[in-house]
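Structure first, then comments.
Values reported hereafter were calculated over all heavy atoms of this structure, with side chains retained and with hydrogens, waters and symmetry mates removed. If you read the sequence from its start, that first residue is 1, and numbering goes on from there. We count ligands from 1, going down the list as the structure has it; atoms in each ligand are counted the same way.
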Amino acid sequence: MSIFDYMQKYDYEQLVFCQDQNSGLKAIICIHDTTLGPALGGTRMWPYKNEEEAIVDVLRLARGMTYKNAAAGLNIGGGKAVIIGDPRQHKSEELFRAFGRYIQGLNGRYITAEDVGTSVADMDLIHLETDYVTGVSPAFGSSGNPSPVTAYGVYRGMKAAAKRAYGSDELSGRVVAVQGVGNVAYNLCRHLHEEGAHLIVTDINEENVNRAVNDFGAKAVGVNEIFSVECDIFSPCALGAVINDDTIPLLKAKVIAGAANNQLKEERHGDQIHEMGLIYAPDYVINAGGVINVADELQGYNRERALKKVETIYDNILRVFEIAERDGVPSYKAADRMAEERIASVAKSRNTFLQNGKTVYHR
Ligand SMILES: NC(=O)c1ccc[n+]([C@@H]2O[C@H](COP(=O)([O-])OP(=O)(O)OC[C@H]3O[C@@H](n4cnc5c(N)ncnc54)[C@H](O)[C@@H]3O)[C@@H](O)[C@H]2O)c1
Ligand SMILES: CC(C)C[C@H](N)C(=O)O
């Protein structure tokens, strides 16, 4: 399919290619939809094999942010950026500053933040060239690393999913199996441990496993074992596509609730777990804490206000289950409907009330 055909199919607004010979920057910024507000989404740095792989990724990720931001109740549209390169080798001040200048050139239509392969330090460099970056160091009045706040949102969403499955959101005594104990999941484990949940963890990084074992008394298992352990809740917090033909038959949990993006390998896997009676908290609804936190910076960052908003992930997850019941669909489809209904209703009200062609922010 041609790029324009694909953009037309999912109604993308803009795709921007950025090249800077001096720093070696090769980046792509994608703005999917700005109905709700400026497009906000992180910058991923990844050693893509070729340009096509990078284009496909940025298109998919940007559309995902439209849904994530809408479902979270933010007045923010969806976008994302990718930098082609190895984050362990190709980072430099010049590269991020060049990238920042391209973002500035979009004059606020796209606002960036952290994603896989980028950090607060990288955002600080981008910030030297543009106003349109979030997740910058707290020293600049910004919100810093989004991961702990993402974790808090996942914890809240997990409680809502437990309520749906077991009639109580109490996690004390529940067994939670966590796949990947990195930045987000370490903080998630802390919340779960404090509430009295029992943790089973795995990671390809031994140091991360040891940290969870030592700090929270977690039981460590092998990376393939995690899918089949006896537990109440399975929490995918590593990479995407872990709910698939191979793993579904192994799962013992009644609830799936974790931080990873794109957990379902294909939509049909969402149908399959629904038919099996599993309670699945859709990934982009439960892991929206990070973007809710960085979006708060657009009003002048207030951590208390941001955390209050992150708490509403609990209600958003329950609302998804209500829509699923209302429409007789799996929860992943219900989440899409929740996001689409909100975008459509705001678009309609703008058509009705906007007469001067200017953008207004509905708060
Ligand atoms: N950081 C955020 O604020 C945020 C926000 C939304 C979504 N997410 C998503 O949540 C997930 C975790 O993000 P993070 O920031 O904690 O990343 P991270 O890299 O810090 O943690 C991921 C962990 O998973 C481990 N891992 C990778 N492959 C594995 C495998 N096959 N088996 C077991 N462990 C494996 C890694 O070693 C690492 O410890 C990612 O999918 C990310 O896209 C993160
Ligand atoms: C804006 C970022 C903090 C968003 C985060 N990378 C996510 O996937 O939700």
Side-chain angles (χ1 to χ4, degrees), residues 38-46 57-58 60-69 71-72 74 76-82 87-88 110-120 122-123 126 132-136 142-154 157 177-189 200-212 220-227 234-244 246-247 257-263 282-298 306 310 313:
L40 170 58
T43 295
R44 179 163 297 193
M45 186 164 186
W46 194 254
D57 207 30
V58 77
R60 187 180 58 90
L61 291 165
R63 184 160 169 263
M65 288 310 296
T66 298
Y67 280 79
K68 186 181 295 200
N69 294 340
L74 297 172
I76 295 287
K80 203 96 176 185
V82 296
R88 285 166 305 182
Y110 170 67
I111 302 166
T112 201
E114 292 87 350
D115 195 69
V116 176
T118 57
S119 65
V120 176
D122 304 331
M123 296 307 124
I126 293 171
Y132 304 114
V133 52
T134 56
V136 175
S142 189
S143 65
N145 178 6
S147 300
V149 187
T150 300
Y152 182 56
V154 175
V178 183
Q179 185 203 27
V181 266
N183 289 318
V184 175
Y186 176 79
N187 288 286
L188 171 65
C189 286
I200 303 175
V201 301
T202 195
D203 200 294
I204 50 171
N205 178 328
E206 209 181 310
E207 229 174 87
N208 287 355
V209 171
N210 292 341
R211 192 171 59 152
V221 298
V223 286
N224 296 323
E225 222 183 312
I226 195 76
F227 302 105
F234 174 59
S235 187
C237 296
L239 302 176
V242 290
I243 309 298
N244 58 45
D246 297 329
T247 59
N261 278 313
N262 306 316
Q263 291 170 26
D283 45 18
Y284 67 74
V285 184
I286 196 170
N287 74 16
V291 75
I292 293 173
N293 193 47
V294 298
D296 192 83
E297 289 180 33
L298 306 180
V310 172
I313 288 177

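The single protein non-hydrogen atom nearest to atom 20 (O) of ligand 1 is Asn183 N, 2.9 Å, given as residue, atom name and distance. The protein atom (non-hydrogen) at minimum distance from atom 3 (O) of ligand 1 is Thr150 OG1, 2.7 Å. Atom 43 (O) of ligand 1 has its closest protein heavy atom at Asn261 ND2, 3.1 Å. In terms of protein heavy atoms, atom 21 (O) of ligand 1 is closest to Gly182 CA, 3.3 Å. From the protein, the heavy atom lying nearest to atom 1 (N) of ligand 1 is Ser147 OG, 3.1 Å. If you check which protein heavy atom lies closest to atom 27 (C) of ligand 1, you get Ile204 CD1, 3.7 Å. Among protein heavy atoms, atom 37 (O) of ligand 1 sits closest to Asp203 OD1, 2.6 Å.
Atoms OG1 and CD1, from Thr134 and Ile76 in turn, are 9.0 Å apart once rounded to the nearest 0.5 Å. Between the CG atom of Leu61 and the CZ atom of Arg44 there is a distance of 4.5 Å, given to the nearest 0.5 Å. From Asn224, atom CG reaches atom OG1 of Thr202 across 8.0 Å, with rounding to the nearest 0.5 Å. To the nearest 0.5 Å, atoms CG (Leu298) and CD1 (Ile111) are separated by 4.5 Å. Rounding to the nearest 0.5 Å gives a distance of 6.5 Å between CG of Asn145 and CD of Glu114.
When each of Cys189, Ser147, Pro148 is tested with Val184 by the rule side-chain contact (heavy atoms from CB on, under 4.5 Å), just one qualifies, namely Ser147. For the side-chain contact (heavy atoms from CB on, under 4.5 Å) criterion with Lys68, the lone passing option out of Val291, Asp283, Val285 is Val291. Among the candidates Val154, Ile292, Asn287, the single residue satisfying the side-chain contact (heavy atoms from CB on, under 4.5 Å) test with Ile313 is Ile292. Exactly one residue among Ile243, Ile200, Val178 makes a side-chain contact (heavy atoms from CB on, under 4.5 Å) with Phe234. That residue is Ile243.
One option in Ala259, Cys237, Ala238 has a heavy atom closer to atom 41 (O) of ligand 1 than any other, and that option is Ala238.
Atom 39 (O) of ligand 1 lies below 4.0 Å from at least one non-hydrogen atom of the protein. Within the 4.0 Å cut-off (strictly below), no protein heavy atom is located near atom 17 (O) of ligand 1.
Under 4.0 Å from ligand 1, heavy atoms of Val184 appear from its side chain as well as its backbone. With a 4.0 Å cut-off on non-hydrogen atoms, Asn287 touches ligand 1 through its backbone as well as its side chain.
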(message) Asp115 vs Thr118, test: side-chain hydrogen bond (donor to acceptor under 3.5 Å, both in side chains). Steps then yes/no.
(response) CA-CA 6 Å; Asp115 195 69; Thr118 57; over 6 Å; no
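A search for side chain to side chain donor-acceptor pair (under 3.5 Å) contacts involving Thr66 returns His32, not counting sequence neighbours. With sequence neighbours left out, the salt bridge (charged side-chain N to carboxylate O under 4.0 Å, His left out) criterion links Asp203 to no other residue. A search for ring-ring contact (aromatic ring centres under 6.0 Å, His included) contacts involving Tyr110 returns nothing, not counting sequence neighbours.
Residue Arg44 places no N or O, backbone or side chain, under 3.5 Å from any N or O of ligand 1. Distances between N or O atoms of Thr202 and those of ligand 1 include no value under 3.5 Å.
Atoms of ligand 1 lying under 4.0 Å from at least one heavy atom of Val223, given by number and element, are 32 (N), 33 (C). Residue-ligand proximity, Asn205 to ligand 1, at heavy-atom distances under 4.0 Å covers atoms 37 (O).
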Under 3.5 Å, N/O to N/O: give me all the pairs between ligand 2 and the protein, one per line with atom names and distance.
unit_1: ligand 2; atom_1: 6 (N); unit_2: Glu114; atom_2: O; d: 3.0
unit_1: ligand 2; atom_1: 6 (N); unit_2: Asp115; atom_2: OD1; d: 2.7
unit_1: ligand 2; atom_1: 8 (O); unit_2: Lys68; atom_2: NZ; d: 3.2
unit_1: ligand 2; atom_1: 8 (O); unit_2: Asn261; atom_2: ND2; d: 3.3
unit_1: ligand 2; atom_1: 9 (O); unit_2: Lys68; atom_2: NZ; d: 2.5

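Annotation: side chain of Leu40 is not in contact with side chain of Met65 (no heavy-atom distance under 4.5 Å).
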